[in-house]
Amino acid sequence: MIYTLVLSAGLLFGPHCEDGCKVLTGTDTPPAGKYSAAQMFGYKGIGFHADGVGKIFAIHPTWTTERERILAEGEAQHRRNVTAGCINISDADFRKLPRTRFELIIKE
């Protein structure tokens, strides 16, 4: 499954990445849908879904050189099953995200 992120502010789906920004996901990444996303306190991530048993899914920059390499390749088969459920994006795209609450739409 390949995900496209769309923000209500149009930051991830717009002129700088017309076909959607590259993302890395995992088998536990929440399904396509609308989510309320917001900056998490004390964490460099933007939370968008809680599973009800203590796990919070977030959007955050890639944290390893291996994930950065996979993201840079941009091949669809390498964009899935990489994370533990969070959505990893490039640091440049992460810096463009709003730091206030916003609507996140995940499309397949």
Side-chain angles (χ1 to χ4, degrees):
M1 184 178 306
I2 299 170
Y3 294 84
T4 299
L5 304 181
V6 181
L7 306 181
S8 58
L11 294 175
L12 277 182
F13 195 75
H16 71 283
C17 50
E18 295 174 9
D19 296 324
C21 292
K22 297 178 194 173
V23 300
L24 298 176
T25 62
T27 54
D28 293 336
T29 301
K34 290 183 181 182
Y35 299 90
S36 179
Q39 179 70 48
M40 298 172 67
F41 179 73
Y43 174 72
K44 187 179 180 178
I46 296 174
F48 67 93
H49 179 70
D51 68 358
V53 291
K55 188 172 185 177
I56 296 176
F57 296 92
I59 301 169
H60 59 75
T62 56
W63 287 339
T64 67
T65 55
E66 176 66 9
R67 288 186 183 175
E68 287 175 19
R69 184 191 61 74
I70 293 170
L71 186 66
E73 286 177 359
E75 297 177 21
Q77 66 268 25
H78 294 297
R79 295 166 69 182
R80 312 174 286 182
N81 307 325
V82 177
T83 76
C86 286
I87 296 174
N88 291 190
I89 62 176
S90 72
D91 191 57
D93 285 332
F94 183 78
R95 287 192 307 265
K96 295 175 187 175
L97 296 176
R99 296 299 180 246
T100 57
R101 186 167 300 280
F102 61 91
E103 181 179 73
L104 168 69
I105 301 170
I106 300 177
K107 293 183 176 182
E108 290 183 27

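Just so you know, these numbers use all the heavy atoms, side chains as well, and skip hydrogens, waters and symmetry mates.
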Inset, instruction - Supply the atom-to-atom distance M40 CE to H60 NE2, rounded to the nearest 0.5 angstrom. - result: 9.5 Å
Inset, instruction - Treating Ile, Leu, Val, Met, Phe, Trp and Tyr as nodes and any side-chain heavy-atom pair under 4.5 angstrom as an edge, say whether W63 and I56 lie in one connected cluster. - result: yes
Legend entry - Atom of G85, atom of P30 and distance for their closest heavy-atom approach: O-CD, 3.9 Å
Show every donor-acceptor pair shorter than 3.5 Å between a side-chain atom in residues 42-49 and any protein atom, with sequence neighbours excluded, or say none if there are none.
residue : atom : partner : partner atom : Å
K44     : NZ   : D91     : OD1          : 3.2

Legend entry - Residues, nucleotides or ligands: over 12 heavy atoms within 6.0 Å of K34 NZ: no
Inset, instruction - Taking side-chain contact (heavy atoms from CB on, under 4.5 Å) as the test, write out the residues that go with T100, two or more places apart. - result: P98
Legend entry - I89 vs I59 side-chain heavy atoms within contact, under 4.5 Å: yes
Legend entry - Distance in Å, K55 NZ paired with C86 SG, rounded so as to fall on 0.5 Å steps: 7.0 Å
Inset, instruction - Apply side-chain contact (heavy atoms from CB on, under 4.5 Å) to A84 and list each qualifying residue two or more places apart in sequence or on a separate chain. - result: none
Legend entry - Residues that T62 engages under side-chain hydrogen bond (donor to acceptor under 3.5 Å, both in side chains), provided they are two or more places apart: none
Inset, instruction - Using side chain to side chain contact (heavy atoms under 4.5 Å, CB included) as the criterion, point out the one residue from T83, I87, D51 that pairs with F57. - result: D51
Inset, instruction - Please lay out, stage by stage, how L24 and I70 fare under the test side-chain contact (heavy atoms from CB on, under 4.5 Å). - result: CA-CA 8 Å; L24 298 176; I70 293 170; 3.6 Å; yes
Inset, instruction - Could you work out the complete set of other residues in the hydrophobic cluster of F41, with links drawn between I, L, V, M, F, W and Y side chains under 4.5 Å apart? - result: none
